[in-house]
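Some notes on the structure that comes next.
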Amino acid sequence: MRTLGIVLDTNVVVSAMKSKRGASYALLEKIYSDEVILHLSVPLVLEYEEVLSRVEFAFPQALVAGIIDDLCSVGIHHEVYFLWRPYLKDPDDDFVLELALRSECDYLVTHNVRDFAGIDKLGITVITPKELLALIRDMPNE
């Protein structure tokens with residue numbers, strides 16, 4: 001089976017933290033296997049931490065710190081030396097796109113596919129967690 005490189009949008013990590021029953025959680029579990037490789041950058045990790053620490057989610061800080069540590073321990077870290085800004089409608093999504101380009105990932109995984117409209121022209125495929133899990137399930141074993 002081929003290993004897929006992925007960049008996870010913050011909404012996928014939040015969804016995984018909110019429920020262990022969904023595709024986001026199942027996908028997060030895959031980062032500990034040889035099926036996917038998680039690509040990270042400092043700005044993305046800082047966003048994960050900032051969003052997960054918001055009062056509205058009420059996640060315990062120790063849990064947030066543990067998740068961030070886990071992601072950093074398994075992810076491949078990239079420094080992004082170039083900027084494509086502004087490219088997307090939401091400028092807060094541009095650094096996610098820049099990481100996807102820098103890492104040459106196979107998929108940018110998000111629940112908000114429309115937010116990344118047009119990046120297929122740059123060679124980046126946007127996919128939901130559910131779609132990626134189906135793809136992994138259907139990949140032939142080598």
Side-chain angles (χ1 to χ4, degrees), residues 1-60 63-142:
M1 175 180 286
R2 180 172 163 250
T3 302
L4 302 174
I6 63 170
V7 171
L8 294 178
D9 194 8
T10 306
N11 58 52
V12 176
V13 178
V14 170
S15 292
M17 294 280 293
K18 290 170 92 175
S19 173
K20 293 182 178 182
R21 295 182 184 175
S24 296
Y25 186 84
L27 182 56
L28 223 58
E29 287 187 321
K30 296 274 184 200
I31 68 170
Y32 301 100
S33 72
D34 59 353
E35 295 172 295
V36 294
I37 295 172
L38 177 65
H39 294 282
L40 297 170
S41 66
V42 171
L44 185 57
V45 170
L46 290 174
E47 180 174 89
Y48 289 167
E49 185 175 37
E50 186 272 321
V51 172
L52 292 173
S53 297
R54 290 181 183 166
V55 174
E56 66 203 67
F57 295 123
F59 298 130
L63 179 62
V64 171
I67 292 297
I68 297 299
D69 287 347
D70 283 352
L71 294 175
C72 288
S73 72
V74 297
I76 296 176
H77 301 265
H78 298 274
E79 290 186 43
V80 179
Y81 297 101
F82 53 87
L83 300 177
W84 284 76
R85 300 170 194 191
Y87 192 87
L88 300 169
K89 284 191 289 186
D90 182 352
D92 289 338
D93 290 329
D94 280 326
F95 71 91
V96 179
L97 168 60
E98 291 160 356
L99 172 60
L101 288 164
R102 169 67 173 95
S103 67
E104 298 179 355
C105 69
D106 296 295
Y107 298 99
L108 191 158
V109 186
T110 184
H111 287 289
N112 300 325
V113 173
R114 283 189 219 140
D115 290 352
F116 294 93
I119 71 168
D120 56 318
K121 297 172 195 167
L122 301 172
I124 304 293
T125 302
V126 182
I127 195 168
T128 66
K130 184 177 180 179
E131 291 169 332
L132 184 57
L133 288 172
L135 234 166
I136 291 169
R137 184 189 64 238
D138 294 342
M139 284 175 53
N141 290 329
E142 295 175 355

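The analysis underlying the following values was restricted to heavy atoms, covering all of them including side chains, and did not include hydrogens, waters or symmetry mates. All of these numbers come straight from a predicted model, not from anything done at the bench.
The only option from Thr10, Asp115, Thr128, Asn11 that meets the side-chain hydrogen bond (donor to acceptor under 3.5 Å, both in side chains) definition with Thr110 turns out to be Asn11.
Across Val7 and Ser103, no two heavy atoms sit closer than the pair CG2-OG, 3.9 Å. Shortest non-hydrogen contact noted between Cys105 and Gly5 is CB-O, 3.5 Å.
The side chain to side chain contact (heavy atoms under 4.5 Å, CB included) search around Tyr107 returns Leu4, Ile6, Val109, Thr125, Ile127, Leu132, Leu135, not counting sequence neighbours.
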Checklist entry - Step by step, would you call Leu71 with Leu38 a side-chain contact (heavy atoms from CB on, under 4.5 Å)? => result CA-CA 8 Å; Leu71 294 175; Leu38 177 65; 3.8 Å; yes

Item to check | Steps toward side-chain contact (heavy atoms from CB on, under 4.5 Å) verdict (Tyr25, Lys18) | outcome: CA-CA 9 Å; Tyr25 186 84; Lys18 290 170 92 175; over 6 Å; no

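At least one donor-acceptor pair under 3.5 Å links the side chain of His77 to the backbone N or O of Cys72.
When side chains are defined from C-beta on, Phe116 counts as touching Val96, because their heavy atoms get closer than 4.5 Å. Side-chain contact between Phe95 and Val80 is absent, with no heavy atoms from C-beta onward closer than 4.5 Å. Annotation: side chain of Ile124 is in contact with side chain of Leu101 (closest heavy-atom distance under 4.5 Å). Contact of the Glu98 side chain with the Pro43 side chain is not registered, since no non-hydrogen atoms from C-beta on lie closer than 4.5 Å. No side-chain heavy atom of Tyr48 sits under 4.5 Å from any side-chain heavy atom of Ile67.
Atom-to-atom distance recorded for Leu108:CG and Leu122:CG is 11.5 Å, nearest 0.5 angstrom. Summarising the geometry, atom CG belonging to Asp138 is positioned 11.0 Å from atom CG belonging to Leu133; distances are rounded to the nearest 0.5 Å. His78 NE2 to Leu40 CG: the interatomic distance, rounded to the nearest 0.5 Å, is 8.0 Å. Note that CD1 of Ile37 and CG of Asp106 are 8.5 Å apart. Values are rounded to the nearest 0.5 Å. Remark: Ser41 OG to Arg102 CZ distance equals 10.5 Å, nearest 0.5 Å. We find the CG-CE distance between Leu63 and Met17 to be 4.0 Å, quoted to the nearest 0.5 Å.
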Identify all side-chain donor-acceptor contacts of residues 49-58 below 3.5 Å with residues at least two apart in sequence or on another chain.
| residue | atom | partner | partner atom | Å |
| --- | --- | --- | --- | --- |
| Glu50 | OE1 | Arg54 | NH2 | 3.1 |
| Glu50 | OE2 | Arg54 | NE | 3.1 |
| Ser53 | OG | Glu49 | O | 2.7 |
| Ser53 | OG | Gln61 | NE2 | 3.4 |

